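One structure follows; several queries about it will come next.
Lettering follows sequence order; numbering is per chain, from 1. This one's a predicted model, so the numbers in the text were calculated from it and none came from an experiment.
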2 protein chains.
Amino acid sequence: MARSALTREEVLATAAALVRQHGPQTLTMRKLAAGLGTAVTSIYWHVGNRECLLDALVERTVQEMGTLRPTGRAPAARIVSVARGLRRELRARPHLIAMVHERGLTERMFLPAQQALVHEVHAAGLRGARAAAAVRSVQFHTVGFLLVERNRERSPVQSPAEGDLWSESTAGGDPALARALARPADPDRLFATSVRALVDGLLAGSSQERRSPGQGPGVTAE
Amino acid sequence: MARSALTREEVLATAAALVRQHGPQTLTMRKLAAGLGTAVTSIYWHVGNRECLLDALVERTVQEMGTLRPTGRAPAARIVSVARGLRRELRARPHLIAMVHERGLTERMFLPAQQALVHEVHAAGLRGARAAAAVRSVQFHTVGFLLVERNRERSPVQSPAEGDLWSESTAGGDPALARALARPADPDRLFATSVRALVDGLLAGSSQERRSPGQGPGVTAE
DNA sequence: ACCTGAACACCGTTCAAGT
DNA sequence: ACCTGAACACCGTTCAAGT
């Protein structure tokens with residue numbers, strides 16, 4: 001049952017297909033070999049080992065992502081739109097997030113958004129180290145939010161859930177707050193709110209420093 | 001070579017020790033059995049299986065965490081101090097973050113900070129759904145930041161690194177920005193900056209809404 | 001009630017041997 | 001240059017059998 005010559009591209013393609021269907025955890029060299037119709041060991045000749053295979057898969061998937069075009073007029077709105085675009089692109093490739101995280105490549109997820117963010121933050125009037133901190137704040141927030149969000153989706157009901165703690169009057173006599181915390185969070189709204197607040201906060205300090213003699217931004221180091 | 005009776009507590013204790021030394025990935029039932037001086041299968045009688053064992057370990061480690069006492073006077077400073085306290089507590093238990101994330105229990109990491117945050121956000125004048133969104137924004141930001149941070153620590157040098165893209169004049173004629181992005185991020189400073197900005201942004205909209213007739217906060221849903 | 005070894009169905013990887 | 005099967009050193013888990 002000889003099959004046509006195996007190529008590295010074919011290995012990556014079927015590996016990507018398997019990951020897309022069942023997630024990276026279930027991708028084993030043996031299943032991949034079965035999918036390819038070859039011996040397990042043939043794969044090693046083309047991609048090295050499982051580690052290299054997943055690295056290549058991450059790289060390939062990141063490059064599939066489109067470039068991010070900001071929308072809106074106000075600087076804050078344009079920065080927010082980049083963050084939302086990054087989230088949208090990453091959510092469209094759910095397994096990428098897991099693969100990248102497992103492999104310690106979170107930084108990789110930052111890059112598609114970084115150039116757009118630098119441009120917008122610059123346009124918003126931030127310069128130098130302040131601008132860099134703003135870019136990274138948005139990056140960390142967006143990617144971190146996605147990691148938490150994806151993780152939460154994986155096991156929807158947890159115990160003790162948040163709601164268990166706030167079911168009644170524990171929330172300082174604010175029943176609306178208690179109800180809101182008892183309900184599961186709406187990720188879309190929460191992301192919109194938090195990114196907007198973050199960007200507002202980052203831009204608010206741009207024109208004038210709040211602390212008179214200090215050099216660093218915000219809170220002093222511990 | 002009969003040993004004294006095995007207890008569930010003893011299993012959890014040595015499992016915790018092994019995880020603390022080498023991380024959750026390296027904890028195998030067989031190594032654990034070797035550490036305990038029993039047969040592998042004895043463990044199953046006491047803790048069910050590996051899944052249950054790790055669940056119990058997560059629960060135990062979360063409960064070791066102290067309660068968070070806010071410091072400072074201004075509402076924003078007190079909220080920031082809770083976020084920093086949560087980060088400190090979690091960083092003191094590095095493997096907890098990995099275990100919790102692997103097991104889809106990220107929500108579990110939120111709880112120790114939630115009560116303190118609710119109190120402070122309420123004191124800052126936020127009520128109802130707005131207060132809940134603020135609490136969750138800080139929670140998501142802090143835990144998300146930690147996930148990214150820990151991940152980044154695991155593989156310090158990545159390629160292409162951020163610096164490779166900004167080594168020269170690409171950063172819109174802002175050499176200080178280019179230099180800042182070429183250097184690795186300082187997580188302590190970045191966390192301080194981002195949390196401060198986030199909290200400022202969340203509290204800034206508390207006294208008056210920015211949008212006149214709208215009901216939702218910030219950006220409209222897509 | 002608690003512990004055990006044998007056995008099962010998996011893994012990733014190496015390597016000598018083939019063509 | 002490319003592919004193969006056998007083998008190695010691991011896994012988690014089940015289960016009948018012991019005390």
*Within this structure, what is the OH-to-C1' distance between A:Tyr44 and D:dC2, rounded to whole angstrom?*
17 Å
*asked:* Under a 3.5 Å cut-off for both contacts, is C:dA7 paired Watson-Crick or G-U wobble with anything, and if yes, with which nucleotide?
replied: D:dT13
*Could you work out which one of C:dT13, D:dC3, D:dT13 sits closest to the side chain of B:Asn49?*
D:dT13
_Donor-acceptor check, side chain of B:His46 to backbone of B:Val11, threshold 3.5 angstrom: yes or no?_
no
*In whole angstrom, give the distance that lies between atom NZ of B:Lys31 and atom C1' of D:dC10.*
10 Å
_Gap between atoms CZ and P, on A:Arg50 and D:dC11 respectively (whole Å)_ = 16 Å
*Send over the distance from B:Met29 CE to D:dT14 P, rounded to a whole Å.*
10 Å
*Please say whether more than 12 non-hydrogen atoms of neighbouring residues, nucleotides or ligands are located less than 6.0 Å from CD in A:Gln21.*
yes
*Contact under 4.0 Å: B:Thr38 side-chain N or O vs C:dC3 OP1/OP2*: no
*If each of A:Val40 and A:Arg30 is mapped to the nucleotide of DNA chain D with the nearest heavy atom, which maps nearer the 5' terminus, i.e. the 5' end?*
A:Val40
*Please name the residue in the list A:Arg87, A:Arg91, A:Arg93 that meets the side chain to side chain donor-acceptor pair (under 3.5 Å) test with A:Glu89.*
A:Arg93
*B:Arg84 to B:Phe191, cation-pi by 6.0 Å centre distance and 45° axis angle*: no
*Decide whether A:Ser194 and B:His141 meet the rule of one side-chain donor and one side-chain acceptor closer than 3.5 Å.*
no
*asked:* The side chain of A:His46 is closest to which nucleotide in this list: D:dG12, C:dT13, D:dC3?
replied: D:dC3
*What's the CD-P distance between A:Gln25 and C:dC11, to the nearest Å?*
13 Å
*Between atom CG in A:Leu6 and atom P in C:dT19, what is the gap in whole Å?*
20 Å
*Nearest-Å distance, CZ (A:Arg8) to P (D:dC2)?*
13 Å
*Roughly, in whole Å, what's the span from CH2 in A:Trp45 to P in D:dG5?*
18 Å
*Can you tell which of D:dG12, D:dG5, C:dC3 lies closest to the side chain of B:Ser42?*
C:dC3
*Is a donor-acceptor contact shorter than 3.5 angstrom present between the side chain of B:Thr41 and the base of C:dG5?*
yes
